There are 2 protein chains.
Amino acid sequence: MDPKINEINGYLVSIFNDVLMIEERTLQSSQFKDVSIKEMHTIDAIGMYQEHTTSEVAKKLGITVGTLTVSVNNLVRKEYVIRVRSETDRRVVKLALTKNGRLLYRLHDKFHRDMVRETLQEMSEEEAEVLMKGLLNLHSFLERTKEQLPE
Amino acid sequence: MDPKINEINGYLVSIFNDVLMIEERTLQSSQFKDVSIKEMHTIDAIGMYQEHTTSEVAKKLGITVGTLTVSVNNLVRKEYVIRVRSETDRRVVKLALTKNGRLLYRLHDKFHRDMVRETLQEMSEEEAEVLMKGLLNLHSFLERTKEQLPE
DNA sequence: TCTTTTTTGTTTGATTATCAAACTATTTGA
DNA sequence: TCAAATAGTTTGATAATCAAACAAAAAAGA
């Protein structure tokens with residue numbers, strides 16, 4: 001059992017690092033050089049389809065609202081994001097992507113989808129199911145762990 | 001095919017975020033409050049078992065040597081890491097963990113191993129093999145992508 | 001209705017993370 | 001021996017982060 005644990009753990013760690021590194025490098029060699037990987041994930045969290053408030057996005061990203069405000073300032077300056085004050089509750093700020101922001105969003109999404117598609121390519125239907133089950137197990141372990149976390 | 005891609009991609013993204021978040025929180029609520037998650041990964045890269053030079057560790061982490069020097073300054077001040085000048089080549093600095101650094105290393109390692117162990121718990125031997133194969137596929141896709149990367 | 005409390009977001013000060021470029025010390029090679 | 005290469009450090013600039021102080025608006029209480 002033990003050697004398998006080490007092996008799987010090793011793959012996970014190196015997958016994490018690779019994905020981050022590849023995303024970073026891909027951005028830097030694209031037309032979106034002025035966007036960091038953190039900013040990319042902020043853009044991803046803001047999303048294409050619904051409006052999200054500052055609080056919602058900060059929670060999704062696991063950062064404080066203050067941190068997000070600073071980051072959104074930069075993304076607004078670089079014209080990827082716009083702020084829209086809510087009409088019904090004027091304390092609330094809704095975040096949305098500009099045209100350019102949506103373009104970047106799709107590019108990033110495509111990278112992720114290609115990555116998974118390539119992975120599944122050499123696998124049978126049943127194997128893909130098992131991979132999914134493994135990821136589901138891992139995911140629910142982490143969700144349980146999160147709940148037990150001291151605040 | 002498409003819905004499966006989205007689902008797997010979703011799990012991966014959320015697994016990434018959860019692991020980072022849980023590691024961060026766990027550190028902050030332990031006796032190692034003065035260590036950030038980045039510093040934790042530096043400690044992990046330095047490792048328990050062999051001596052590694054500054055260049056080697058920087059390469060492993062994918063950061064510049066200058067960045068690592070700064071980080072190691074802090075870790076030395078906080079007494080997790082020591083620098084040892086090589087006897088044979090006095091330009092070279094070997095990095096090693098202090099007693100406290102090794103304690104932290106083991107704690108972090110245990111979290112990772114528990115995570116994987118829990119994941120495998122409900123899976124049969126064969127299913128674990130398939131999971132591993134999926135991760136291997138993903139891993140080799142990423143390695144290939146890395147090679148194609150400009151620079 | 002007026003006041004207090006709560007909620008939402010912004011600003012600020014401190015620390016860490018990061019790179020590129022200038023720099024120092026040492027080793028290697030011509 | 002002296003120039004070039006290598007290993008690491010320092011520095012200046014910028015981004016990422018938090019906690020705490022703050023401002024504006026809404027909700028609750030009286």
Side-chain angles (χ1 to χ4, degrees), chain A residues 17 20-21 23-25 27-29 32-46 51-78 80-96 151, chain B residues 17 20-21 23-25 27-29 32-46 51-78 80-96 151:
Chain A
N17 293 337
L20 276 180
M21 203 255 270
E23 288 189 340
E24 179 83 64
R25 292 260 182 95
L27 276 175
Q28 290 317 305
S29 58
F32 302 105
K33 285 191 216 314
D34 61 346
V35 179
S36 75
I37 184 67
K38 297 275 182 178
E39 288 175 324
M40 182 65 248
H41 289 146
T42 300
I43 287 170
D44 190 71
I46 291 171
E51 290 184 322
H52 293 285
T53 69
T54 301
S55 300
E56 284 166 0
V57 174
K59 185 171 182 188
K60 194 166 171 186
L61 290 169
I63 60 181
T64 63
V65 181
T67 299
L68 183 58
T69 294
V70 173
S71 176
V72 167
N73 287 346
N74 291 326
L75 289 170
V76 167
R77 183 172 44 76
K78 297 178 193 169
Y80 292 103
V81 172
I82 50 170
R83 284 189 168 99
V84 185
R85 280 274 163 194
S86 161
E87 285 302 310
T88 53
D89 181 343
R90 296 181 33 68
R91 291 170 304 181
V92 170
V93 170
K94 289 178 179 167
L95 300 174
E151 166 50 359
Chain B
N17 293 338
L20 276 180
M21 202 256 267
E23 289 190 340
E24 180 83 64
R25 292 261 181 95
L27 276 174
Q28 291 316 305
S29 58
F32 301 106
K33 284 190 217 316
D34 60 349
V35 179
S36 76
I37 185 67
K38 296 273 184 179
E39 288 176 323
M40 182 66 249
H41 289 146
T42 300
I43 287 170
D44 191 69
I46 291 172
E51 291 183 321
H52 294 287
T53 69
T54 301
S55 299
E56 285 167 359
V57 174
K59 186 172 181 189
K60 194 165 170 186
L61 290 169
I63 59 180
T64 64
V65 181
T67 299
L68 183 58
T69 294
V70 173
S71 177
V72 167
N73 287 345
N74 291 327
L75 288 171
V76 167
R77 181 172 47 75
K78 296 179 191 169
Y80 291 103
V81 173
I82 50 170
R83 283 189 169 99
V84 185
R85 280 275 162 192
S86 161
E87 284 301 311
T88 55
D89 182 344
R90 297 182 31 69
R91 290 168 305 181
V92 171
V93 170
K94 290 177 180 167
L95 300 174
E151 155 55 358

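Keep in mind that this is a model prediction, so the values were computed, not measured. By convention in this document, chain letters (A, B, ...) are assigned in the order of the sequence lines, proteins followed by strands, and residues within each chain are numbered from 1.
Residue A:Gly66 is the one, among B:Arg77 and A:Gly66, whose nearest nucleotide of DNA chain C lies closer to the 5' end (criterion: closest heavy atom). Nearest-nucleotide positions on DNA chain D for A:Lys78 and A:Thr88 put A:Lys78 closer to the 5' end. Where B:Asn73 and A:Ile63 each meet DNA chain D at their nearest nucleotide, the meeting point lying more 5' is that of B:Asn73.
When distances run from any side-chain atom of A:Asp89 to the nucleotides D:dA25, D:dA16, C:dT18, the shortest one goes to D:dA25. With distances taken from any side-chain atom of A:Arg91 to the nucleotides C:dT6, D:dA5, C:dT18, the minimum falls on C:dT6. Side-chain proximity of B:Thr53 to D:dA19, D:dG8, C:dT10: nearest is D:dG8.
Shown here is B:Lys60, whose NZ atom has more than 12 heavy atoms of other residues, nucleotides or ligands within 6.0 Å.
Once rounded to the nearest 0.5 Å, the distance linking NZ of B:Lys38 with CD1 of B:Ile43 reads 14.5 Å. Rounding to the nearest 0.5 Å places NZ of A:Lys59 at 14.5 Å from OG1 of A:Thr64.
Shortest non-hydrogen contact noted between B:Met40 and B:Leu27 is CB-CD1, 3.9 Å. Across all non-hydrogen atoms, the minimal contact from A:Arg85 to A:Arg91 is NH1-O, 3.0 Å.
Contact between the side-chain N/O atoms of A:Ser71 and the OP1/OP2 oxygens of D:dT17 is not found at any separation under 4.0 Å. Proximity of A:Ser36 to the phosphate of D:dA16: a side-chain N or O atom is located under 4.0 Å from OP1 or OP2. Residue B:Lys38 places none of its side-chain N or O atoms closer than 4.0 Å to OP1 or OP2 of D:dA16. Residue A:Arg83 has a polar side-chain atom (N or O) positioned under 4.0 Å from OP1 or OP2 of C:dT10. For C:dT10, the OP1/OP2 oxygens have a side-chain nitrogen or oxygen of A:Thr69 closer than 4.0 Å. Phosphate contact (OP1/OP2 of C:dT8, side-chain N/O of A:Thr54, threshold under 4.0 Å): absent. One finds a side-chain N or O of A:Ser55 lying less than 4.0 angstrom from the OP1 or OP2 phosphate oxygen of C:dG9.
Atom CG of B:Leu61 is separated from atom C1' of C:dT18 by 13 Å (rounded to the nearest Å). Atom-to-atom, CG of A:Asp34 to P of D:dA15 comes out at 10 Å; the value is rounded to the nearest Å. Taking atom CE on A:Met40 and atom P on D:dA16, their separation rounds to 13 Å, with Å as the unit. Separating the CG atom of B:Leu75 from the P atom of D:dG8 is a distance of 16 Å, rounded to the nearest angstrom. The NZ-C1' distance, from B:Lys59 to C:dT18, rounds to 20 Å in whole Å. One interatomic measurement links the two molecules: CG of A:Leu95 to C1' of C:dT8, which rounds to 12 Å at whole-angstrom precision. Atom C1' of nucleotide D:dA16 and atom CG of B:Leu20 are separated by 14 Å, given to the nearest angstrom. If you take CG of A:Asn74 and P of D:dA15, they are 6 Å apart, rounded to a whole angstrom.
Here the options are A:Thr69, A:Asn74, A:Leu75, the test is side-chain contact (heavy atoms from CB on, under 4.5 Å), and the partner is A:Ser71; only A:Leu75 passes.
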## Note on the structure
Pairing string of DNA chain D (Watson-Crick or G-U wobble, both atom distances under 3.5 Å; | = paired to other strand) is ||||||||||||||||||||||||||||||
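Between the side chains of B:Ser55 and B:Thr53, no donor-acceptor pair is found at a separation under 3.5 Å.
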### Task
Take A:Val81 and A:Ile46 through the test side-chain contact (heavy atoms from CB on, under 4.5 Å) and record every step on the way to the result.
CA-CA 9 Å; A:Val81 172; A:Ile46 291 171; 3.8 Å; yes
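Residue-level contact check: A:Val65 touches the bases, meaning some heavy atom is under 4.0 Å from a base atom. Nucleic acid contact for B:Thr67: base, since at least one base atom lies under 4.0 Å from a heavy atom of the residue.
Not a single donor-acceptor contact under 3.5 angstrom links the side-chain atoms of B:Arg90 to the base of C:dT26.
When side chains are defined from C-beta on, B:Asn73 counts as touching B:Arg83, because their heavy atoms get closer than 4.5 Å.
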